[in-house]
**Q** 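Here it is, the structure, as structure tokens.
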Amino acid sequence: MEAGSPTDGLDFTGLTALAASNVQAAIASGDNFHGYIPSESLEFIVRNYRRLAFMKALEAAWLDAYVHASNFKECKRPTQPSSNDEMNAPHSFVSKLRRRHEPRPN
């Protein structure tokens with residue numbers, strides 16, 4: 001790393017020399033560096049988030065690292081009500097909205 005480069009002060013611990021060089025080049029050119037170190041990007045970001053934010057190199061890489069580290073298979077899609085009875089059930093979202101906007105007795 002040359003003196004005075006934009007990536008001075010970043011902690012490249014755990015990255016190979018090639019990976020560190022690729023990350024430095026991506027940051028210097030304003031590109032998202034996550035693709036160069038997908039398995040290590042979350043740890044790299046945690047170690048360097050303040051400096052990356054200052055360099056405006058954090059947001060895209062953080063989002064990609066988060067998605068890469070998340071397990072969305074366990075997430076369940078919300079189900080849609082199958083009838084008007086379900087829409088009017090006391091626990092439904094629609095019923096709660098209706099109750100919220102009903103006039104209250106004085």
Side-chain angles (χ1 to χ4, degrees):
M1 185 165 55
E2 60 192 51
S5 83
T7 56
D8 280 351
L10 292 177
D11 180 356
F12 292 95
T13 302
L15 300 183
T16 65
L18 178 60
S21 177
N22 287 337
V23 168
Q24 289 171 328
I27 291 171
S29 65
D31 292 334
N32 183 348
F33 60 83
H34 169 76
Y36 295 105
I37 54 169
S39 298
E40 297 89 7
S41 65
L42 188 58
E43 292 175 14
F44 178 78
I45 290 168
V46 169
R47 283 193 309 271
N48 297 291
Y49 71 94
R50 287 185 181 172
R51 181 84 177 119
L52 292 168
F54 178 77
M55 295 185 305
K56 297 186 178 8
L58 179 62
E59 188 173 339
W62 167 249
L63 181 60
D64 285 350
Y66 175 78
V67 170
H68 179 80
S70 297
N71 186 357
F72 291 109
K73 290 180 183 177
E74 294 178 8
C75 294
K76 294 183 179 180
R77 292 175 46 129
T79 58
Q80 294 295 321
S82 59
S83 70
N84 279 339
D85 291 339
E86 289 181 31
M87 291 291 284
N88 293 319
H91 62 278
S92 76
F93 177 73
V94 173
S95 293
K96 289 176 184 176
L97 282 177
R98 286 181 185 149
R99 283 194 304 268
R100 179 182 288 169
H101 295 288
E102 289 176 351
R104 294 187 178 162
N106 292 331

**Q** Restricting to non-hydrogen atoms, name the atom on Phe12 and the atom on Arg47 that form the minimum distance, rounded to 0.1 Å.
**A**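 That would be C-NH2, 4.2 Å.
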**Q** Just verifying a value: how many Å separate Asn32 CG and Ile27 CD1, rounded to the nearest 0.5 Å?
**A**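 Output value for this atom pair is 9.5 Å.
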**Q** Hey, what do you get for OH (Tyr36) to CG (Leu15), rounding to the nearest 0.5 Å?
**A**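 Going from OH on Tyr36 over to CG on Leu15, the span is 14.0 Å.
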**Q** Check residues 49-60 and write down every donor-acceptor pair under 3.5 Å in which the side-chain atom is one partner and the other belongs to a residue at least two apart or another chain.
**A**
| unit_1 | atom_1 | unit_2 | atom_2 | d |
| --- | --- | --- | --- | --- |
| Arg51 | NE | Asp8 | O | 2.9 |
| Arg51 | NH2 | Pro6 | O | 3.1 |
| Arg51 | NH2 | Asp8 | O | 3.4 |

**Q** Looking only at heavy atoms, what is the nearest atom pair of His34 and Ser41, with distance?
**A**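 Nearest pair, atom of His34 first, then Ser41: ND1-OG, 2.6 Å.
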**Q** Measuring from atom OG1 of Thr13 to atom CZ of Phe44, what distance do you get when rounded to the nearest 0.5 angstrom?
**A**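 It comes to 9.5 Å.
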**Q** From Glu40 CD over to Thr16 OG1, what is the distance, rounded to the nearest 0.5 angstrom?
**A**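 Those atoms lie 8.0 Å apart.
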**Q** How long is the span from the CZ atom in Phe33 to the CD1 atom in Ile45, to the nearest 0.5 Å?
**A**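 It is 4.0 Å, given to the nearest 0.5 Å.
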